[in-house]
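Heads up: the structure comes next, in structure tokens.
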Number of protein chains: 2
Amino acid sequence: MFAEERKIKIAKMISDGKSVRVSELAKLFKVSESTIRRDLMSMENHGNILRTHGGAVSNVNTQFEPSFFEKQEKHADKKDTIGKIAAGMINDGDTVIIDSGTTTQYIGKYIKAKNITIITNSVPLSYELSNSEDIEVITTGGMIRSNTKAMIGPTAEMTLKQFRVDKAFIGANGISIECGATTPNIIEANTKKAMIETSKKVYIVADSSKFNEVTFAFICSVKDIDCIITDSELSEEEADKYRQLGVDIITRL
Amino acid sequence: MFAEERKIKIAKMISDGKSVRVSELAKLFKVSESTIRRDLMSMENHGNILRTHGGAVSNVNTQFEPSFFEKQEKHADKKDTIGKIAAGMINDGDTVIIDSGTTTQYIGKYIKAKNITIITNSVPLSYELSNSEDIEVITTGGMIRSNTKAMIGPTAEMTLKQFRVDKAFIGANGISIECGATTPNIIEANTKKAMIETSKKVYIVADSSKFNEVTFAFICSVKDIDCIITDSELSEEEADKYRQLGVDIITRL
DNA sequence: AATATTATGCTCATTTATAATCACATATGC
DNA sequence: GCATATGTGATTATAAATGAGCATAATATT
């Protein structure tokens with residue numbers, strides 16, 4: 001490992017939003033702390049990190065615009081857990097679709113499976129996943145919605161028709177027994193429909209606040225859903241309603 | 001084994017994401033370390049790689065952190081100017097293809113035209129452009145190459161076939177009168193070909209170090225090119241050779 | 001507030017890689 | 001044939017990267 005490679009990796013860790021510690025980096029790269037300090041010093045001189053006592057943090061707004069992250073802030077810890085649960089459903093060798101969205105975004109950081117293929121219509125997620133050596137990433141293409149960074153529309157749907165995958169993780173803004181899964185944008189809804197048609201097994205990921213909500217555009221009815229991954233604040237009575245319709249409800253690891 | 005063959009092989013190793021060591025390359029090719037160093041030096045001057053103490057690494061895994069690497073990346077200022085010139089070619093209402101790559105990436109920040117549609121296969125560029133209200137962004141989709149963050153392959157080509165645009169800005173690693181435009185990766189070359197077929201007018205963007213270089217995979221011949229945007233270090237004699245073949249050469253604003 | 005703990009900057013020594021030579025061989029053009 | 005250019009290998013002084021030791025500075029604990 002060259003000094004430059006090490007610095008690039010450190011820069012990546014920091015720009016991913018993680019803060020780093022000198023001691024940890026030294027262990028991770030198997031070099032002395034002096035070396036790590038020198039790395040951080042040169043990186044700070046180049047301008048993109050901010051050193052702290054004990055390590056370093058990012059000093060710029062990371063690649064994703066604030067509005068995108070602001071959204072993520074709401075229910076962030078719940079979404080994080082949901083992401084972790086969903087990632088655990090992915091096995092070695094799987095082919096998977098991951099929808100764009102603030103909740104599905106969290107799945108990426110917890111994927112441990114090797115040798116998997118992921119199709120996604122999320123620009124930031126595709127970027128993140130493509131840094132992993134164990135994941136082949138395919139994007140759907142399509143028009144980008146500027147606020148969600150989702151690739152949608154006929155192009156995305158055409159791409160999805162070319163594939164057949166094991167599992168699809170779909171986000172939704174509303175879930176109800178009567179109206180199924182819904183989302184505000186009709187084009188995005190169509191893209192989600194195409195994802196569902198492409199997958200053998202359909203997982204809906206949505207925090208508990210989305211239940212008993214109905215938004216504008218229809219994605220699918222409850223019977224089309226194999227499994228809903230949500231957080232533990234969903235009441236047992238509510239969960240049972242879905243279970244009686246044959247939908248698995250998972251609320252914890 | 002010719003020197004050029006050796007360089008091409010080294011370039012391929014690096015563009016596959018591997019880092020290379022001078023000592024290993026010397027053993028592998030059965031030449032002295034001096035020779036390997038000379039190879040790497042010339043490759044670095046051509047902007048293809050980033051040398052390190054002991055070897056070299058790829059210089060293209062850096063797209064989301066431009067400010068950190070700008071100083072380290074060779075020809076950054078030239079690429080910046082080229083990007084500015086290219087952006088000036090885009091008029092209000094145009095439909096445009098922008099290829100992935102370190103040079104084309106610079107086009108994004110200078111686009112001033114309103115009400116335009118941009119098709120791109122670059123993940124970071126699509127992200128950046130989608131923040132602009134005046135630009136409709138469409139991505140090609142496809143497999144992501146982890147080091148360049150380019151979406152390539154049959155999916156990308158299929159998407160491109162659905163459209164017809166006014167202008168395409170294509171990057172290339174080598175340009176020569178005899179061999180036309182070339183690039184190291186054959187799948188990426190095919191995607192570039194599809195872009196060229198989709199566009200009425202073809203612009204090649206490449207700094208002057210790319211001239212009289214030939215890399216592995218063929219993109220298009222000189223006669224397929226309408227205009228080459230490069231920097232002012234290209235000699236007038238060289239430029240005239242292309243002009244005589246009907247190619248516009250632009251080296252400054 | 002005093003003290004303990006931890007992190008830092010600095011210097012130095014060691015290892016390893018590099019640039020700058022020179023020398024030699026092999027093409028290329030006149 | 002001769003001059004010139006190009007590619008290569010060997011040599012060596014110079015430079016870069018690293019780790020260790022230690023006094024000083026920053027944080028944590030009592």
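Below, chain A is the first sequence line, B the second, and so on; all start at residue 1.
Applying the ring-ring contact (aromatic ring centres under 6.0 Å, His included) test to pairs two or more places apart or on separate chains, those with a residue in residues 225-253 of chain B are B:F211-B:Y242.
Across D:dT18, C:dT8, D:dA16, the shortest atom-to-atom separation from the side chain of A:R51 is found for C:dT8. The side chain of B:M41 approaches C:dA19 more closely than any other nucleotide in the set D:dG19, C:dT8, C:dA19. For A:S34, the side-chain atoms get nearest to D:dG19 when compared with the rest of C:dT18, D:dG19, C:dG9.
For A:E24 and C:dA7, the CD to P distance is 10 Å, given to the nearest whole Å. When the P atom of D:dG9 is taken as reference, atom CG of B:L25 falls 13 Å away, rounded to whole Å. Rounded to a whole Å, the CZ atom of B:R37 is 9 Å from the C1' atom of C:dA19. A straight line from CD of A:E33 to P of D:dA20 spans 11 Å, rounded to a whole angstrom. Remark: P of D:dG9 and CZ of B:F29 are 13 Å apart, rounded to the nearest angstrom. In this structure, CD1 of A:I36 is placed 14 Å from P of D:dA17, rounded to the nearest angstrom. At whole-Å resolution of the value, CD in B:E4 and P in D:dG7 are 8 Å apart. As rounded to whole Å, 10 Å separates atom C1' of D:dG7 from atom CG of B:D39.
With respect to the salt-bridge test (charged N to carboxylate O, under 4.0 angstrom), the residues A:K114 and A:D134 qualify. Between B:R21 and B:E33 no salt bridge is recorded (no basic side-chain N to carboxylate O distance below 4.0 Å). By the 4.0 Å N-to-carboxylate-O rule, B:E237 lies too far from B:K241 to be salt-bridged with it. Salt bridge status for B:D226 with B:K167: absent, with no side-chain N to carboxylate O gap under 4.0 Å.
When the nearest nucleotides of DNA chain D are assigned to A:H53 and A:K30 by heavy-atom distance, the more 5′-ward of the two goes with A:K30.
Dashed line: the shortest gap from a side-chain N or O of A:S32 to OP1 or OP2 of D:dG19 is under 4.0 Å. The phosphate of C:dA7 has OP1 or OP2 within less than 4.0 Å of a side-chain N or O from A:R21.
Looking at A:R38, its side chain comes within 3.5 Å of the base of D:dG19 through a donor and an acceptor atom.
Each end of the helix from C:dA1-D:dT30 to C:dC30-D:dG1 yields a helix axis from five base pairs, and these two axes differ in direction by 40° (to the nearest 10 degrees).
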- Message: Determine whether A:E5 and B:S19 satisfy the following criterion, side-chain hydrogen bond (donor to acceptor under 3.5 Å, both in side chains), listing intermediate values before the conclusion.
- Response: CA-CA 8 Å; A:E5 291 182 89; B:S19 63; 3.2 Å; yes
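Here the OG1-CD1 distance, from B:T230 to B:I175, works out to 6.5 Å after rounding to the nearest 0.5 Å.
Looking at heavy-atom distances under 4.0 Å, B:S42 makes no contact with the nucleic acid at all.
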